[in-house]
Amino acid sequence: MEALDTRYNQNEEPDIYDLWEKSGIFTPETSKKRGITDAEAPPFVVVLPPPNVTGTLHIGHAFEDTVQDIFVRYHRMLGEPTLWIPGTDHAAIATQAKVEKILSKEEGKSKYDLGRDEFLKRVNAFAKESHDTITRQIRRLGASLDWSREAYTLDEKRNLAVRTAFKRMYDLGLIYRADRIVNWDPKGQTVISDDEVVYEERPAKLYTFRYSKDFPISISTTRPETKVGDTAVAVHPEDQRYKKFVGKIYEANFCGAQIKVKIVADSSVEKDFGTGALGVTPAHSMIDWEIASRHDLPLVQVIDEYGKMMVEDVRLKGKKTIEAREVIVAWLKNEGLLEKEEDVTQNVSTSERTGAVIEPLPKLQWFIGVNKEFVLEHSSIHGIPSGSKTTLKEIMRKSVSEKQIKILPERFEKVYFHWIDNLRDWCISRQLWFGHRIPVWYRSTDAHGKPNGIPSDSRGVETYVNVEPPKGSDWEQDSDTLDTWFSSGMWTFSTLGWPEKTEDLKRYHPNAFMCPGYEIIFMWVARMILMSGCLLGEIPFRTVLFHGIVRDSQGRKFSKSIGNGIDPLELANTYGADALRMALVIGAAPGNDVTFSEDRVRGYRNFSTKIWNLARFLRMNSRPEFSHGNHKFDEGDRATLQEFEAVKKAVTNHIENFDLHLAAEGLYHYVWHTFADKVVEEAKPRLQGDDSEKAHRAYHLLDHILVDCLKMLHPFMPFVTEAVYRKSHPNDLLTEERWPYIPHVE
RNA sequence: GGACGGUUAGCUCAGCGGUAGAGCACUUCGUUUACACCGAAGGGGCCACAGGUUCAAAUCCUGUACCGUCCACCA
């Protein structure tokens, strides 16, 4: 028998992950065929939240993947056919921005210097490299994914799914194109959705002034430069101060711009704020645009896509908004129109990815209507019968309110419902090059008439929407791409082969479980419910467990810009992946943020060593005669076993309740401070004494408990436990063993 | 302006109705043949504050104060 080193070193063990992968156990069909999981048991299906191909995994991914792997391995050990689907996300805006940055830094070029095709080649090469790194990292952490089903949000199959979805939702009237005020990111040169806007509090000045000397009402604004685009002043209908002006139109020369301002009454105006009168700039404010559409006011765009002024006056033309603001304030002062200047804190909208200040602009974009009624042909969603009229909002709400989807921790339900209540139509088109191209084609009608009988829109453009391009060479495809979350939203079923009617889809959808971070509850989780509900008439998953954010010792998020990133692989190399996993799981109550410290990892590395040495101790005390014959346990042994039974039950219950931190901690304490420190110590005299019979019994007891502990530790610490197990069971895999306690089913 | 979370040992955090817990750090001891990435023993907390419910509260309720997060079109 080979002697074991006193320390466990994952790097020196044979490639255990390779053994698992080759055994086929990560593929449910194989494990079922081999009889490792029950053919009849309902499958436990999970999709990995696909990491963005923007570089490498960070510690947060390691946390997320560990949590999922623990559940997946646990359920597999319960005998359930288990499918955990791996994949990566093209993350359109994030990846494109990243490559643009590299391009500019390393070659001093912009994407326009390369052109669309060449630029996309670069992005794809970058994505490929990231993908390879990421999948290597995921394996190194031990994630038991079915690699035979790996997917990418931008591969062929997913592209077909996306085009099909777009077409169907267009036909249902849910996807439409319209002119709206949208969130324009001047740095990224694209529109973004409301959910990609991040609000930042910044100090600002609130200016109160009149447009001109003879204008009867003063207004307040933090953005005087937009006021050259004002077409109205709105007041509250019951505001006695202004009632007499309603309906009147005033003209003024405002810093060189001729403006025509109508006084309108709108109940959205707060009487008590500022002067109680609101300067309406329909082209550069969401709220103003809405007021304008209610009162049929004209729209004057004064800021362009680069955040520069579009007015003719030389003092302003081509100036950036901030510069224009100074010019206008100086002009107001000069003219004696400025009445007040106050310091305020303002909520500035910025772009999540580029950090740029959002410029609301009027643009023609594609949207998904969340309040639009449509007929849901086939539905298994509680409260929405097949063939009934519904809306996407209702689908999203009912899926959760009818308890078909369980959100954990429960407090996030409230967050989810609140989001739905405030939800507006989802802008899905992006002026990015990297992503799913919108499956819409145009040609102008004046040259070609209407050969397909498709009505042209008011712009004199014929529009063709379909999964495949139209015949004929005079069509031009929409140059925009789709919001990356459009394809992510379909992830639970696009990974299973939709729109084909595959066996996988039948068997594995809805998924059983999902474990994303709470920061993507809207961007991703809600969109999955929307997409799945709309296209399949099904919920995407039954349980979603939100996890918190992993933060550094100062409570900051890990991010490349701060430079506090820790490479999970480096930690895994130093301390072992098992130690890293334990450190991430213990102390992390569901949904709570975790402060990460390397000390903890070190502590659990020591625990790995402890497990290793427990096994080593047993080997050293094994005698040839132990290999045959069973031995009855005596009373003391039975008490020990009874205590152990309680631990098994507690650990199992904790996992069933999604309290992994409690399960892991319970195991840790039992193994170290009860089993090693007490049970083993007390058995030593018997084990090492001359009485072979007694020794055998002691050995038998310790071996029995150790093996069961290894099984229970396995989901948490798969590598050491497998390594140790294989020393005594060279022909078996611990991964294929059954969980040693049957959970109580309610 | 709303909602949610946090406030427990020096540090990081569990516990969430029954006499205060873990890891790390700290002190003392230990040249024991599984393990020093070890063992034994120990110090250290009016569980943010104020009320209330209860036989019993860190744990439930109500307020307050800080810290944090998310949401919101007061210009």
Side-chain angles (χ1 to χ4, degrees), chain A residues 3-9 181 194-195 197-199 204 206-208 219-224 226-227 230 233-234 268-281 285-291 344 346-347 349 360 409-419 421-424 518-519 521-522 548-549 551-555 557 575-576 579 582-583 586-589 591-621 659 661-662 664-666 668-669 672-673 676-677 680-681 684 687-688 702 706:
Chain A
L4 299 184
D5 190 36
T6 58
R7 288 182 187 176
Y8 163 72
N9 184 339
I181 299 295
D194 296 342
D195 295 282
V197 174
V198 178
Y199 294 98
L206 181 68
Y207 303 95
T208 302
I219 54 157
S220 300
T221 184
T222 52
R223 298 199 62 192
T226 63
K227 299 287 110 179
D230 279 15
V233 163
S268 70
V269 178
E270 294 274 338
K271 273 192 283 191
D272 302 326
F273 184 85
T275 62
L278 168 66
V280 181
T281 322
S285 155
M286 221 74 90
I287 178 173
D288 293 8
W289 186 83
E290 281 168 14
I291 293 174
V344 291
Q346 193 191 196
N347 245 349
S349 331
E410 273 177 34
R411 67 184 134 98
F412 288 109
E413 258 191 27
K414 212 168 173 179
V415 179
Y416 174 80
F417 287 127
H418 184 252
W419 177 80
D421 290 339
N422 288 300
L423 186 61
R424 293 185 301 186
Y518 64 72
E519 74 274 16
I521 179 166
F522 312 134
I549 295 168
R551 296 174 183 279
D552 73 2
S553 53
Q554 293 167 58
K557 275 188 179 182
Y575 302 108
M582 283 294 270
I586 292 185
N592 285 8
D593 291 354
V594 198
T595 306
F596 184 79
S597 89
E598 200 165 325
D599 273 348
R600 277 243 292 273
V601 188
R602 198 175 299 123
Y604 294 109
R605 185 268 318 267
N606 298 352
F607 183 49
S608 296
T609 310
K610 193 76 187 178
I611 295 168
W612 181 261
N613 277 292
L614 276 167
R616 184 163 170 268
F617 172 75
L618 270 189
R619 276 169 86 75
M620 291 171 71
N621 286 286
D659 286 323
H661 61 305
L662 299 181
E665 211 175 335
Y668 174 90
H669 280 105
W672 199 321
H673 300 300
D677 291 350
V680 171
E681 289 305 323
K684 266 183 185 175
L687 193 59
Q688 290 163 349
L702 296 186
L706 179 66

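Because only heavy atoms are used, hydrogens play no part in the values below, and waters and symmetry mates are left out as well, while side chains stay in. Order of the sequence lines fixes the chain letters, A, B, ..., with proteins taken first and strands second; residue numbering starts at 1 for each chain.
Closest approach of A:Ala676 and A:Lys610 over heavy atoms only: CB-CE, 3.7 Å. Here the shortest heavy-atom pairing between A:Trp419 and A:Asp195 reads NE1-OD1, 2.8 Å. Here the shortest heavy-atom pairing between A:Leu618 and A:Leu706 reads CD1-CD2, 3.7 Å.
Each of B:A40, B:C37, B:G15 was ranked by its minimum atom distance to the side chain of A:Arg605; first place goes to B:C37. Of the candidate nucleotides B:A34, B:C37, B:A14, B:A14 has the atom nearest to the side chain of A:Ala589. Residue A:Ile287 has its side chain nearest to B:C73 when only B:U12, B:C73, B:A75 are considered. You'll find that the side chain of A:Phe617 is closest to B:A34, out of B:A14, B:A36, B:A34. Taking only side-chain atoms of A:Asp677, from C-beta outward, the nucleotide of B:A40, B:C73, B:A36 with the closest atom is B:A40. Between B:G39, B:A75, B:A34, one nucleotide has an atom nearer to the side chain of A:Val680 than all others, and that is B:A34. Closest approach to the A:Phe273 side chain among B:C35, B:C4, B:C74 is made by B:C74 (side chain taken as heavy atoms from C-beta onward).
At whole-Å resolution of the value, CD in A:Gln688 and P in B:U33 are 11 Å apart. Summarising the geometry, the separation between CD1 on A:Ile219 and P on B:C74 is reported as 17 Å, rounded to the nearest angstrom.
Searching all strands for a Watson-Crick or G-U wobble partner of B:C4 with both distances below 3.5 Å returns B:G68.
Rounded to the nearest 0.5 Å, atoms CH2 (A:Trp672) and CZ (A:Phe607) are 7.5 Å apart. Taking OH of A:Tyr668 as the reference point, atom NE2 of A:His673 lies at 5.0 Å (rounded to 0.5 Å).
A:Asn592 has no side-chain polar atom (N or O) that falls below the 4.0 Å cut-off from OP1 or OP2 of B:G5. Note on A:Lys684: every side-chain N or O is 4.0 Å or more away from OP1 and OP2 of B:U32. The shortest distance between the side-chain N/O atoms of A:His673 and the OP1/OP2 oxygens of B:A22 is not below 4.0 Å. Close to B:C35, at under 4.0 Å from its OP1 or OP2, lies no side-chain N or O of A:Lys610. OP1 or OP2 of B:C37 lies within a sub-4.0 Å distance of a side-chain N or O belonging to A:Arg7.
Taking atom C1' in both B:C35 and B:G30, one finds a spacing of 15 Å when rounded to whole Å. Using atom C1' as the reference point in both B:U54 and B:C60, the two lie 9 Å apart (nearest Å). The P atoms of B:A3 and B:A14 are separated by 24 Å, rounded to the nearest whole Å. Separation of the P atoms belonging to B:U8 and B:C55 is 30 Å when rounded to the nearest angstrom. Taking atom C1' on both B:C61 and B:C74, the two are 35 Å apart, rounded to the nearest angstrom. For B:A50 and B:C66, the C1' atoms lie 15 Å apart once the distance is rounded to whole Å. Only the C1' atoms considered, B:C47 is 16 Å distant from B:G18, to the nearest whole Å. For B:A48 and B:A57, the P atoms lie 15 Å apart once the distance is rounded to whole Å.
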Report, one pair per line, the protein and nucleotides 69-71 of chain B atoms (nitrogen or oxygen only) whose separation is under 3.5 Å.
from: B:C71; atom 1: O2'; to: A:His418; atom 2: ND1; distance (Å): 3.0

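Contact annotation for A:Met620: backbone-only contact, meaning every heavy-atom pair under 4.0 Å involves sugar-phosphate atoms and none involves a base. Using a 4.0 Å heavy-atom criterion, one finds that A:Glu519 contacts no nucleic acid atom at all.
Map A:Asp599 and A:Ala588 each onto its nearest nucleotide of RNA chain B; the residue landing nearer the 5' end is A:Ala588. Sequence order on RNA chain B of the closest nucleotides to A:Gln346 and A:Asn621 puts A:Asn621 first from the 5' end.
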